[in-house]
Amino acid sequence: MEKVGILVVSYGSRGAAIVDAFSRSENYVAEIYVADKQRNPFNVEKAKRHVVIPDLNVEEICKFAKRHEDSIDFGIVGPEKPIIDGLRDAVEEETNIPMICPTKRYALEGSKVAQRYLFQKVTPEVNPLFKIFDPKDYSSVGEVRKKVYAWLDELDNKVAVKPDSPAAGKGVGVWGDHFNTREQLFEHFLANYEHGLVIIEEKIEGEESSFQAFCDGKYLVPLPETRDYKRAFDEDKGPNTGGMGSYKDVGDLLPFMTKADREKEIEIMEKIFKELKGKGSNPELRGIPFYDAFIHTGKGPKILEKNSRPGDPEIQNLLPIMKEDFVDVCYKILDGNLTRVEFEEKATVVTYKVPPNYGGYINAFPERVDRGDMDKPVDLSEARRLSEKYGDKIRVYPASMELRDGKTYALKSRAVCVVGVADDIQRARDLSLEGIKAIKGGALWHRTDIASKEHIERSVRHMEKLRML
Ligand code: GLY
């Protein structure tokens, strides 16, 4: 079999899922070179070479790529930071390794303000009302407060506050979810405003979905829809997180979406793609330049935000059930001839297990945390055994964990996810939870309502109500 050398820039279980997809190739012997945020036990086991670069800085990743240039055929990037920092530009300039991710110019995830202007130009009907607050425009806190409150008057306080840069200050805050008074809102606003531009936009009522697409620069290939669970605690309570879990239904739609919703999303994304691409092909866009959060209202989808990378955990819903060999898909992306990708007719559910400090759990529910368990290693062996038992219908992907002296320890962020694959969402959920419950140690916890029947039915009823208004 033909050998292929692949550079994977990895952060968390998304990276492990990518490594897994390559190592399962039936058409190639994949030799994987992983530049990782930590000693991820899964990646360490699968990689031909593994290097830890804790801040995933471009210079160090480039050096690693350069060292193995002769053995690497292409590279792919999971996390946003190196993409925004121009990793593709640097690796392609310094080596002959083509990279699968957008160039710095098209890493639109770097600025939410630039995204809003782009949507306003191309698809204004799906852009929420918004205003940008630029520290350069105001000479005092009192002055900007007056303008913010005037905008809140116009939107009846129902707003979302978003920093321009990813995760600057306190990140996104939403009226009614993260704050209930103007004073709280303004405090959140200021925490971000200290770092730069802030957007205050109309809060949209509806149900969220995640749209992802592969792109070879010429074609956009939409992937099936997924639903992310951003809030830390059950019933969508608590602070926003990177995502506590996600689900995908059999087929391309989610249970609360109509075919028309999906068609509209694709139409919107095609318009944005054309605007960015211009005439012909634009290889600078290749990778997953579109991972966009939509919110479905009674009158169709609105766009919440745009990312230039695969979603975590949303890509974990898709890679395990992709019919094509992932190496072939990557070669087609590089050749500019990826026109479609097929998926098995399966549902998937991802549940994350996370440490006690994540999402402020230990403060919100101190009585639930077994403190004696907190520093203990995490035992993945039983979950892996289940994976074998169920013939890979359970996939265990470590995230913010590291190997130390042959044992696995959870670090600070999301620790490990389990993907369940089945003929319907509830069976996929049962498998995901069976795997999650088999993981012991580290006082890890998880949301118990990811893809639950009740949660999904609530979304369906919510959309029915909104569509009747
Ligand atoms: N699921 C959220 C993210 O990947 O940003």
Side-chain angles (χ1 to χ4, degrees), residues 8-18 37 40 56 76-85 101-102 107-112 115 160 162-174 177-178 207-214 223-233 236 238-248 254 265 269 287-296 303-320 348-354 358-359 397-400 412-419 432 446-447 449-451 455 459:
V8 176
V9 179
S10 164
Y11 180 172
S13 77
R14 170 183 47 202
I18 291 172
K37 192 167 167 64
N40 182 307
L56 291 175
I76 186 165
V77 187
E80 63 273 23
K81 183 178 170 291
I83 303 178
I84 294 168
D85 292 347
C101 69
L108 295 187
E109 183 163 1
S111 168
K112 288 200 174 65
Q115 294 177 19
K162 298 182 171 180
D164 181 38
S165 317
K170 285 171 133 189
V172 176
V174 179
D177 293 342
H178 304 102
E207 292 290 325
E208 240 184 278
S209 71
S210 299
F211 174 97
Q212 300 175 89
F214 285 139
L223 307 178
E225 298 285 330
T226 50
R227 163 66 174 243
D228 187 16
Y229 283 71
K230 288 212 170 60
R231 305 290 290 276
F233 308 141
D236 299 317
N240 277 346
T241 67
M244 298 294 290
S246 52
Y247 68 82
K248 174 207 168 286
L254 294 170
E265 280 191 10
M269 297 315 302
I288 300 196
F290 301 110
Y291 150 41
D292 288 28
F294 280 97
I295 188 140
H296 296 272
I303 203 158
L304 276 185
E305 64 176 33
K306 178 176 177 344
N307 305 292
S308 320
R309 56 170 172 95
D312 180 353
E314 293 99 317
I315 204 69
Q316 289 94 300
N317 286 100
L318 303 179
L319 291 177
T348 57
V349 172
V350 181
T351 313
Y352 256 116
K353 217 158 181 180
V354 303
Y358 193 74
Y397 295 134
S400 178
K412 290 200 177 113
S413 196
R414 293 175 290 178
V416 53
C417 81
V418 177
V419 189
S432 172
H446 62 95
R447 258 183 85 155
D449 64 346
I450 306 292
H455 195 285
S459 299

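Just follow the structure's listing: the first ligand is 1, and inside any ligand the first atom is 1. Below, all heavy atoms of this structure are taken into account, side chains as well, without hydrogens, waters or symmetry copies.
- Under 3.5 Å, the side chains of S432 and T351 contain a donor-acceptor pair of N or O atoms.
- Between D228 and ligand 1 there is a heavy-atom distance shorter than 4.0 Å.
- Taking the side chain as every heavy atom from C-beta outward, I303 and Q115 never approach each other to under 4.5 Å.
- Summarising the geometry, atom OG1 belonging to T226 is positioned 10.5 Å from atom CZ belonging to F211; distances are rounded to the nearest 0.5 Å.
- Using a 3.5 Å distance cut-off with no hydrogens or angles, the side chains of S246 and D228 do not pair a donor with an acceptor.
- Interface of G311 with ligand 1, defined as ligand atoms under 4.0 Å from a residue heavy atom, comprises 4 (O).
- For the pair E314 and ligand 1, the shortest N or O to N or O distance falls below 3.5 Å.
- Protein heavy atom in closest approach to atom 3 (C) of ligand 1: Y291 OH, 3.0 Å.
- Under a 4.0 Å criterion applied to the non-hydrogen atoms of D312, ligand 1 contributes the atoms 1 (N), 2 (C), 3 (C), 4 (O).
- When only non-hydrogen protein atoms are considered, atom 5 (O) of ligand 1 lies nearest to R309 NH2, 2.6 Å.
- Of the candidates R447, K230, R231, D236 forms a salt bridge (Lys or Arg N to Asp or Glu O under 4.0 Å) with just one, namely R447.
- Side-chain atoms of Q316 and Y397 include no donor-acceptor pair closer than 3.5 Å.
- Taking distance alone, with nitrogen or oxygen atoms compared against 3.5 Å, G242 approaches ligand 1 more closely than that limit.
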